[in-house]
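Notes to accompany the following structure.
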Amino acid sequence: MRVSGVNSVSEALKAGKVNRIYYDVSHKSRRIEDIVRQARKLGIPVVGLRRLESRIEADISPVKYKDLEYVAEKAIRTGSFLLLLDSVQDPQNLGAVIRNAVFFGCAGIVIPKRRSAQVNETVVKVSAGTALHADIARVSNLANTVKSLKKLGFHVICAELGGKSIEEAFMDPPLAIVIGGEDEGVSRPVKKQCDEVVSIPSFGRAESLNLSCASAIFMYEFRRRLS
Ligand SMILES: C[S@@+](CC[C@H](N)C(=O)[O-])C[C@H]1O[C@@H](n2cnc3c(N)ncnc32)[C@H](O)[C@@H]1O
C-alpha cells in the first residue's frame, strides 16, 4: 500500500510499517527533512525525486486486521469501549471515524468484511495516519457480533434517531456503540440485537448528523462520564 502526506508517512514510520520513502526534492520542509533523517537512521530506503504527486509518500506493509476476541478482551481489560460500524461505505467517513476513535482511546473498531469500506490509502490519509495504530477487527456478520459481545458482558447501544436521549442512556464499560452507514443507518437485524437505541437530540432543522460527528459525540460522552 502507498500512503502520502506528512502525517500519514510520519504515523506509518512510528508504527514500524514503512518499507520505502519517496520525497519531492524541490518541496522540502522541516518535517519532511526530519522524516527522511529518521528513516535513514532506521535503514529504510529513501528516494528523492524531482516530481512527485505528494511531497512525501511511503510504501507500507498491508494493514493487519485483528480478530473480534482480541479487541473485545482489550475493551474489557481497559474498561473501555468498541465502535461497531454497520456498512460505512465512504472511505472519507471511515477515515474520519477512525481518527476520532483513536483520539478517544477506543479499544477497537469493528467493520464487516463485505459491504463496507476497508482500510485503504484514502482511509489512512483521512485518518491522518492513525488508522495504522488503530486495532480494527473484521467480522462476517455484525448482528452475530452484537450477540457475542452481549454474552461477554458488553452493553450494546445502537446510535439512531427515535431512541432514548444520550443523557439518559446507560454507558458503563464494557460498552459497544453501533454506528450506521450513510444510506441505511443501522440495519434492522443489527438494531434488533442491541440493548437499546440511543439518540443525540437535534436543536435545529437537521435531523441527523454525519456519522463521524455522531460517533465523536458518543465517544466524548463515554469519556466524560468516566472522568
Ligand atoms: C447519516 S446517518 C444515517 C442516516 C440514514 N439515511 C437513515 O435514514 O438512517 C449515519 C449514522 O450516524 C448516526 N447518527 C446520525 N445522527 C444521529 C443522531 N441524531 N442520534 C444518534 N445517532 C445518529 C447513526 O448511527 C446513523 O445510522
Side-chain angles (χ1 to χ4, degrees), residues 68 71-72 75 80-120 122-123 126-127 130-131 134 136-150 154-226:
L68 182 67
V71 292
S80 181
F81 66 97
L82 296 177
L83 205 57
L84 274 57
L85 304 178
D86 191 358
S87 308
V88 171
Q89 307 287 343
D90 181 349
Q92 304 273 343
N93 276 335
L94 181 58
V97 173
I98 293 173
R99 185 175 183 173
N100 296 339
V102 172
F103 181 90
F104 286 110
C106 175
I109 299 152
V110 182
I111 61 172
K113 282 184 186 153
R114 285 176 294 277
R115 288 185 291 109
S116 166
Q118 305 293 313
V119 180
N120 61 16
T122 308
V123 172
V126 177
S127 78
T130 58
I136 303 172
R138 292 199 306 170
V139 295
S140 311
N141 183 308
L142 214 59
N144 287 344
T145 300
V146 172
K147 267 197 220 170
S148 310
L149 290 174
K150 279 165 53 181
F154 278 79
H155 180 68
V156 186
I157 60 176
C158 166
E160 270 304 338
L161 306 183
K164 181 187 268 185
S165 171
I166 188 168
E167 290 113 50
E168 290 150 26
F170 180 82
M171 291 180 79
D172 284 4
L175 179 75
I177 305 164
V178 184
I179 300 285
E182 298 84 358
D183 298 332
E184 309 287 335
V186 180
S187 68
R188 209 175 301 159
V190 174
K191 198 185 218 175
K192 215 173 120 196
Q193 296 304 329
C194 294
D195 290 304
E196 56 183 346
V197 177
V198 180
S199 312
I200 302 158
S202 167
F203 297 89
R205 293 179 69 180
E207 262 205 336
S208 72
L209 288 158
N210 167 276
L211 63 97
S212 78
C213 298
S215 69
I217 291 170
F218 275 95
M219 293 188 277
Y220 174 75
E221 181 64 7
F222 173 85
R223 287 291 169 208
R224 188 188 68 77
R225 291 187 193 192
L226 283 189

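Counting starts at 1 for both ligands and their atoms, following the listed order.
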- Note on the structure: Per side-chain contact (heavy atoms from CB on, under 4.5 Å), V156 is matched among V146, L82, I177 by V146
- With V97 as reference, evaluate I179, V126, L85, N210 under the side-chain contact (heavy atoms from CB on, under 4.5 Å) test and give the passing residue. L85
- Item | Flag if over 12 foreign heavy atoms under 6.0 Å of CD, E196 | yes
- Could you tell me whether the side chains of E182 and N93 share a donor-acceptor contact shorter than 3.5 Å? yes
- Nearest atoms (heavy-atom pairs only) where P173 meets S80: CB-O, 3.7 Å
- Message: Quick check: closest heavy atoms across Q118 and P112, and the distance to 0.1 Å?
- Response: NE2-O, 3.2 Å
Show the distances, to 0.1 Å, for all pairs joining an N/O atom of ligand 1 and a protein N/O atom that are shorter than 3.5 Å, listing one pair per line.
unit_1: ligand 1; atom_1: 6 (N); unit_2: D183; atom_2: O; d: 3.1
unit_1: ligand 1; atom_1: 16 (N); unit_2: L209; atom_2: N; d: 2.9
unit_1: ligand 1; atom_1: 19 (N); unit_2: I200; atom_2: O; d: 3.0
unit_1: ligand 1; atom_1: 20 (N); unit_2: I200; atom_2: N; d: 2.9
unit_1: ligand 1; atom_1: 25 (O); unit_2: A159; atom_2: O; d: 2.6
unit_1: ligand 1; atom_1: 25 (O); unit_2: G180; atom_2: N; d: 2.9
unit_1: ligand 1; atom_1: 27 (O); unit_2: E160; atom_2: OE2; d: 2.6
unit_1: ligand 1; atom_1: 27 (O); unit_2: G180; atom_2: N; d: 3.4

